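Report on one structure; see the data block that follows.
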Amino acid sequence: MLILDGTSLAAKFKGKIEDEVNALIKKGTTPSLHILLANADDASAIYVRNKLNTCEKLSIRAKLHKFNPESITQEDILQKISLLNVDENVHGILCQLPLPKHINADMVAAAIAPKKDVDCFNPFNIGQLFNEETLLEPCTPKAIIALLHHYQIDLTGKRVVIIGRSKIVGKPLALMLLRKQNNATVTVCHSRSKNLKEICLSADVLIPALGKANFLNEDYIKPEAVVVDVGISKIRVGDKNKTCGDVDFNRVKDLVFAISKVPGGVGPMTIHMLIDNLVKTTKMQTQK
Ligand code: NAD
């Protein structure tokens with residue numbers, strides 16, 4: 001059984017990103033990322049801290065704009081985004097999700113200038129995913145595909161089953177896997193799908209992104225399948241919290257051809273994909 005090791009791939013990828021950032025700095029531009037945070041969610045605080053730490057390690061300028069989740073208005077956040085959109089010292093903007101219920105997340109995504117949209121959530125950039133090639137791609141789907149490509153998993157004609165239809169994982173991933181560079185036959189399942197087990201059993205490549213700890217066991221996996229586990233959940237084991245994926249790793253490990261672990265699979269790659277997008281948006285704005 002092959003482990004799709006996102007931690008070691010991320011370490012390799014980091015070197016490439018470092019070189020690109022240093023080349024930009026040498027030419028006189030330090031990439032600059034602005035993060036908007038309007039929730040008091042613990043997980044979001046950790047994600048934001050990781051992003052800021054990664055930027056610091058790579059000598060990227062990063063600034064956090066914190067809003068009070070209760071008092072923030074749609075107008076406040078849109079106003080901040082319009083200021084950042086026109087500031088030529090800002091190369092990338094992202095708004096950490098989730099947003100408070102009274103804020104329209106779609107409007108926020110649409111307000112971020114496509115050329116600064118490092119998460120690739122703006123409808124213009126999402127629409128570009130219909131094309132065979134695009135400059136920006138959403139970070140998690142990009143990380144999943146990078147992991148599969150690195151381990152030379154040929155997707156041509158393979159049946160890929162994605163579980164989850166979110167805007168940040170399932171839907172964009174499906175479009176990207178349909179591209180001619182991947183040539184996969186894609187099925188997307190969701191909470192209302194019928195016969196999930198049968199569909200999963202037909203998958204050459206299974207990509208669960210449900211967020212339900214250990215939801216999938218050997219009953220869902222075709223022998224010799226490739227599994228990329230995107231889910232991240234916390235469970236209580238004894239008096240400790242344990243991070244685990246959507247797949248019960250120990251129950252399927254002897255059945256699969258390859259599998260990613262949680263933690264250590266897609267997660268470590270995702271943040272580097274964000275920085276890769278920032279390098280791209282910086283180049284787009286500075287290279288005449
Ligand atoms: P989401 O809650 O927006 O979407 C979950 C999806 O799972 C939905 O489309 C839902 O229909 C589907 N689903 C739920 N229960 C189901 C069931 N019983 N059968 C079939 N489908 C079902 O979540 P998301 O933002 O897409 O994230 C999904 C998971 O991936 C979470 O655990 C999240 O933490 C993780 N995630 C990981 C990374 C990473 O970098 N590794 C990045 C983003 C999200």
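Every number for a ligand or one of its atoms is a count from 1 in the order of the listing. Everything numeric here is computed off the predicted structure, so don't read it as measured data.
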Give the atoms of ligand 1, by number and element, whose distance to some non-hydrogen atom of Lys212 is under 4.0 Å. 15 (N), 18 (N)
Can you list the ligand 1 atoms lying under 4.0 Å from a non-hydrogen atom of Leu196? 19 (N)
Heavy atoms only, cut-off 4.0 Å: how does Leu210 contact ligand 1, side chain, backbone, both, or neither? both
Option whose closest heavy atom lies nearest to atom 13 (N) of ligand 1, chosen from Ala143, Ser191, Ala213, Ser193: Ser191
For atom 9 (O) of ligand 1, closest protein heavy-atom neighbour: Arg165 N, 2.8 Å
Tell me which protein heavy atom sits closest to atom 25 (O) of ligand 1, plus the residue, atom name and distance to 0.1 Å. Ile168 CD1, 3.5 Å
Is the closest heavy-atom distance from Ser233 to ligand 1 below 4.0 Å? no
Judged on heavy-atom distance to atom 44 (C) of ligand 1, which of Leu216, Val169, Asp229 sits nearest? Val169
Polar contacts were defined as any N/O atom of the residue lying under 3.5 Å from an N/O atom of the ligand; does this apply to Ile232 and ligand 1? yes
Could you tell me whether Lys283 and Glu20 make a salt bridge, using a distance below 4.0 angstrom between a side-chain N and a carboxylate O? yes
Could you check atom 40 (O) of ligand 1 against the protein and tell me its nearest heavy-atom contact, residue, atom and distance included? Thr270 OG1, 2.8 Å
Look at Arg179 together with Glu132 and state whether they make a salt bridge at an N to O cut-off of under 4.0 Å. no
In terms of ring plane angle, is the pair Phe215 and Tyr220 parallel, tilted or perpendicular, where the classes change at 30° and 60°? tilted
Side-chain donor-acceptor contact under 3.5 Å, Asn277 with Lys142: yes
Kindly indicate whether atom 2 (O) of ligand 1 is approached by any protein heavy atom to under 4.0 angstrom. no
Of all the heavy atoms in Cys189, does at least one lie under 4.0 Å from an atom in ligand 1? no
With heavy atoms of Phe215 as the reference, note each atom of ligand 1 found under 4.0 Å away. 18 (N)
Can a donor-acceptor pair be found between the side chains of His34 and Asp87 at a distance below 3.5 Å? no
Just going by heavy-atom distances, which of Ala209, Gly267, Gly231 is nearest to atom 27 (O) of ligand 1? Ala209
Is there a side-chain contact between Asp119 and Ile93, using heavy atoms and a 4.5 Å cut-off? no
Identity and separation of the nearest protein heavy atom to atom 23 (O) of ligand 1: Ser166 CB, 4.5 Å
So, are Asp276 and Lys280 salt-bridged, with charged N and O less than 4.0 Å apart? yes
Report yes or no: do Asp229 and Ser260 form a side-chain donor-acceptor pair below 3.5 Å? no
Among non-hydrogen protein atoms, atom 29 (C) of ligand 1 lies closest to Gly211 N, 3.7 Å
A student checking ligand 1 against Gly164 at a 4.0 Å heavy-atom cut-off should list atoms 6 (C), 7 (O), 9 (O), 12 (C)
Does any donor atom in the side chain of Thr54 or Arg49 lie under 3.5 Å from an acceptor atom in the other side chain? no
Return a yes/no value for Tyr47: is any of its N or O atoms, backbone included, closer than 3.5 angstrom to an N or O of ligand 1? no
Heavy-atom contacts under 4.0 Å between Arg192 and ligand 1: side chain, backbone, both, or neither? neither
How does Asp246 reach ligand 1, by side chain, by backbone, by both or by neither, if only non-hydrogen atoms under 4.0 Å count? neither
Taking atom types as modelled, find out whether Asp117 and Asn125 have a side-chain donor-acceptor pair closer than 3.5 angstrom. yes
If you have a sec, work out which protein heavy atom is nearest atom 43 (C) of ligand 1 and how many Å separate them, to one decimal? Thr140 OG1, 3.7 Å
Protein heavy-atom partner closest to atom 36 (N) of ligand 1 - residue, atom, separation in Å: Val230 O, 3.7 Å
Donor + acceptor pair across side chains of Gln128, Asn131 (<3.5 Å): yes
Indicate whether any N or O donor in one side chain lies under 3.5 Å from an N or O acceptor in the other, for Thr281 and Lys116. no
At a 4.0 Å threshold, what atoms of ligand 1 neighbour a non-hydrogen atom of Ile163? 20 (C), 21 (N)
Any luck finding a side-chain donor-acceptor pair between Arg159 and Ser202 under 3.5 Å? yes
Charged tip of Lys261 within 45° of Phe249 ring normal and under 6.0 Å: yes
When you measure from atom 21 (N) of ligand 1 to every protein heavy atom, which one gives the shortest distance, and what is it? His190 C, 3.1 Å
